[in-house]
Amino acid sequence: MGPVKGLKRKRKAEGEKVGENGFATSPLSQPLPLDWWDDFSKRITGPLLQSRLSLTFESIFKISRKTFNYICSLVKEDMMAKPANFCYSNGKPLSLNDRVAIALRRLSSGESLSTVGDSFRVNQSTVAQITWKFVESMEVRGLHHLQWPSTEADMEETKSSFQKIRGLPNCCGAIDTTHISMCLSTMSTSNSVWIDHEKKHSMILQAIVDPEMRFRDIITGWPGSLSESCVLQNSGFFKLSQEGKRLNGKKTELSEGTYLREYIVGDAGFPLLPWLLTPYQGKGLSDFHSEFNKRHSATRMVARRALARLKEMWRIIQGVMWRPDTNKLPRIILVCCLLHNIVIDLEDGVEDEMSFSYKHDLGYRQQTCEFVDKTAFVQREKLSRYLAGTLPL
């Protein structure tokens, strides 16, 4: 039930090579053989056939062929390892492309095992086994797509991009939380821990994102009964930041002798800390406090958009999951986050043609945390006055 501490896993080094099917292991790999999709699409049945005229690879999988090819290259060794012997209902063996396609459809559509199986002419147990094999492979092979900026140049670029949104200097990330809804048995008393403050069963995903909506750090696996603040305090990011091992880079000078450290922004559900700035609360705020809140809200909007896009692209975690294995679900969430980042890293243009909302937690009210660190209070006040142009030079 603990958090996914993916950044502490040992990553397997992969050399660039060309596999038996001609796929290179880099993002610039060759396009898929033309006959694979032609052949695969002819085997599609069920509801997907209702849109046969508009049936395209992109409409089914929500990613480009280039991105699909790259994902295949990441998981090939694991997906094709013996003794796995997956076949269609007619006995024909499933190729690497077939297996990845089935797993991606399951994750991106959120459809049931039986629906996905019927669409691609495989039984639901095959869909389940292939999807889990894909998850196990991706959480290791794709982990390098989710990491904190490792160089000063990368961090400076992140800060610059955040500042361009609404002028907040030295901001390194935006944090937000979403709930993955579950339908669990009410007969088991052990499931009560998953009941959140809206009386639903849920699991929490807390994420820190950059200006491009890329996930830079996540924690998941904790029950929805915990507050945003509690989940944060149980994260590795919190520990690193409190110990001065993260968000400890270059300070920016606001005025002579007044410096602003690195920080991230979060909503009122988080504590106000020296490295986590939250908005001013209450009514009757001064003009410069209100102005700060507007800039703060616009900046942290990237986190809300990222989580909304995550759920809309990978719909297995969007709706209410029917009695999921709560030990496996954090790993599925992690892989969805990795796929989200891969689409961004490969500059996949398919999702640009889709419409996304800003809502990822419908039915959940804003939480409030009353904790205020005195040093952080002073820092936020100086930043507010700096943005209002009233900080003494």
Side-chain angles (χ1 to χ4, degrees), residues 1-21 23-29 61 63 66-86 94-108 126-150 180 203 205-209 214-222 235-237 240 310 313-314 316-317 324-346 348:
M1 190 183 69
V4 171
K5 299 178 180 178
L7 297 182
K8 292 186 177 180
R9 289 173 180 264
K10 182 178 180 181
R11 192 171 75 233
K12 295 182 179 180
E14 292 292 323
E16 183 170 327
K17 58 184 179 181
V18 176
E20 296 176 358
N21 58 2
F23 294 163
T25 59
S26 71
L28 301 178
S29 49
F61 301 108
I63 58 175
K66 180 188 75 170
T67 302
F68 178 83
N69 186 37
Y70 173 66
I71 293 171
C72 284
S73 74
L74 287 179
V75 301
K76 176 186 175 181
E77 182 178 339
D78 300 322
M79 293 295 285
M80 301 306 289
K82 294 181 179 180
N85 185 25
F86 301 118
L94 292 170
S95 67
L96 170 65
N97 302 338
D98 297 334
R99 300 179 189 195
V100 173
I102 290 170
L104 287 176
R105 179 62 187 179
R106 167 72 172 142
L107 296 175
S108 65
T126 298
V127 176
Q129 292 178 64
I130 286 176
T131 302
W132 185 244
K133 198 172 185 67
F134 178 80
V135 168
E136 289 183 309
S137 180
M138 276 297 301
E139 66 180 351
V140 175
R141 307 285 185 175
L143 195 56
H144 58 286
H145 285 279
L146 200 165
Q147 57 184 346
W148 192 250
S150 57
I180 311 302
M203 181 178 289
L205 165 63
Q206 197 167 93
I208 301 173
V209 308
R214 183 184 291 105
F215 295 116
R216 288 299 193 171
D217 191 283
I218 71 165
I219 178 173
T220 189
W222 293 101
S235 70
F237 189 90
L240 290 172
L310 172 74
M313 278 285 290
W314 308 103
I316 192 170
I317 59 173
D325 183 330
T326 53
N327 292 308
K328 287 185 175 182
L329 182 53
R331 299 167 70 180
I332 294 173
I333 296 171
L334 168 62
V335 168
C336 288
C337 291
L338 294 175
L339 291 169
H340 169 99
N341 280 5
I342 287 173
V343 169
I344 295 174
D345 290 344
L346 268 62
D348 192 307

Enquirer: Restricting to pairs with a member in residues 332-345, which pass salt bridge (charged side-chain N to carboxylate O under 4.0 Å, His left out), not counting sequence neighbours?
Expert: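 Qualifying pairs: Arg214-Asp345.
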Enquirer: If I take atom CD1 from residue Ile333 and atom CD1 from residue Ile316, how far apart are they, to the nearest 0.5 angstrom?
Expert: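 Interatomic distance, Ile333 CD1 to Ile316 CD1, rounded to 0.5 Å: 10.0 Å.
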Enquirer: Would you compute the distance between atom CG of Asn341 and atom CG of Leu346 and round it to the nearest 0.5 angstrom?
Expert: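 One gets 11.0 Å once the value is rounded to the nearest 0.5 Å.
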Enquirer: Which heavy atom of Gly142 sits nearest to which heavy atom of Leu74, and what is that distance?
Expert: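 Taking every non-hydrogen atom into account, CA-CD1, 4.4 Å.
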Enquirer: Indicate yes or no: at least one non-hydrogen side-chain atom of Asp78 is less than 4.5 angstrom from one of Glu136.
Expert: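 When only atoms from C-beta onward are counted, Glu136 and Asp78 do not touch, as no gap falls below 4.5 Å.
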Enquirer: What heavy-atom pair brings Pro330 and Gly221 nearest, and what distance separates the two atoms?
Expert: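 Shortest heavy-atom separation between Pro330 and Gly221 comes out as CG-CA, 3.7 Å.
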Enquirer: Hey, could you give me the CD1/CE distance between Ile332 and Met138, rounded to the nearest 0.5 Å?
Expert: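 So the CD1 of Ile332 and the CE of Met138 are separated by 13.5 Å.
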Enquirer: Excluding sequence neighbours, so at least two apart, what forms salt bridge (charged side-chain N to carboxylate O under 4.0 Å, His left out) with Asp348?
Expert: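 Partners of Asp348 under the salt bridge (charged side-chain N to carboxylate O under 4.0 Å, His left out) test: none.
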Enquirer: Please report the shortest heavy-atom distance between Leu310 and Cys336, naming the atom on each side.
Expert: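 Closest heavy-atom pair between Leu310 and Cys336: CD1-O, 3.5 Å.
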Enquirer: Out of curiosity, Cys337 SG to Glu139 CD, how far, rounded to the nearest 0.5 Å?
Expert: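 With rounding to 0.5 Å, SG (Cys337) is 12.5 Å from CD (Glu139).
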Enquirer: With side chain to side chain contact (heavy atoms under 4.5 Å, CB included) as the criterion, how do Trp148 and Ile208 come out once you've worked through the C-alpha distance, each side chain's angles and the decisive distance to 0.1 Å?
Expert: CA-CA 9 Å; Trp148 192 250; Ile208 301 173; 3.9 Å; yes
Enquirer: Looking only at atom types and distance, does a side-chain atom of Arg216 sit under 3.5 Å from a main-chain N or O of Gln147, one as donor and one as acceptor?
Expert: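 Indeed, once roles are kept as given, a pair shorter than 3.5 Å links the two residues.
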Enquirer: Do Ile342 and Ile63 come close enough that some side-chain heavy atom pair is under 4.5 Å?
Expert: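 A side-chain contact under 4.5 Å is absent here.
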Enquirer: So which heavy atom on Val335 is nearest to which on Val135, and how close?
Expert: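 Distance-wise, the nearest heavy atoms are CG2-O, 3.5 Å.
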Enquirer: With side chains defined as the heavy atoms from C-beta onward, is the minimum distance between Trp314 and Leu104 less than 4.5 Å?
Expert: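 Yes; the side chains approach each other to less than 4.5 Å.
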Enquirer: Nearest heavy-atom pair of Asp325 and Asn327: which atoms, and what distance?
Expert: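 Closest heavy-atom pair between Asp325 and Asn327: OD1-N, 2.8 Å.
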Enquirer: What orientation do Tyr70 and His145 show, parallel under 30°, tilted 30 to 60°, or perpendicular over 60°?
Expert: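 Because their plane-to-plane angle is over 60°, the rings of Tyr70 and His145 count as perpendicular.
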Enquirer: If you measure from CD on Gln206 to CZ on Phe215, what distance do you get to the nearest 0.5 Å?
Expert: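 One gets 12.0 Å once the value is rounded to the nearest 0.5 Å.
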Enquirer: Would you check if Phe134 and Arg106 make a side-chain contact, meaning some heavy-atom pair closer than 4.5 Å?
Expert: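 Result no, sub-4.5 Å side-chain heavy-atom pair not found.
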Enquirer: How far does CD of Glu77 sit from OG of Ser137, to the nearest 0.5 angstrom?
Expert: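 Spacing of CD (Glu77) from OG (Ser137) equals 8.5 Å.
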Enquirer: Can you name the nearest heavy-atom pair linking Leu107 to Thr131, along with the distance?
Expert: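 Closest approach of Leu107 to Thr131: CD2-CG2, 4.2 Å.
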Enquirer: Within the distance-only criterion (no hydrogens, no angle test), does the side chain of Arg99 pair as donor or acceptor with the backbone N or O of Ile130 below 3.5 angstrom?
Expert: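 Checking the backbone N and O of Ile130 against the side chain of Arg99, no donor-acceptor pair under 3.5 Å is found.
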Enquirer: Between Leu329 and Thr220, does a side chain to side chain contact (heavy atoms under 4.5 Å, CB included) hold up when you go through it step by step?
Expert: CA-CA 9 Å; Leu329 182 53; Thr220 189; over 6 Å; no
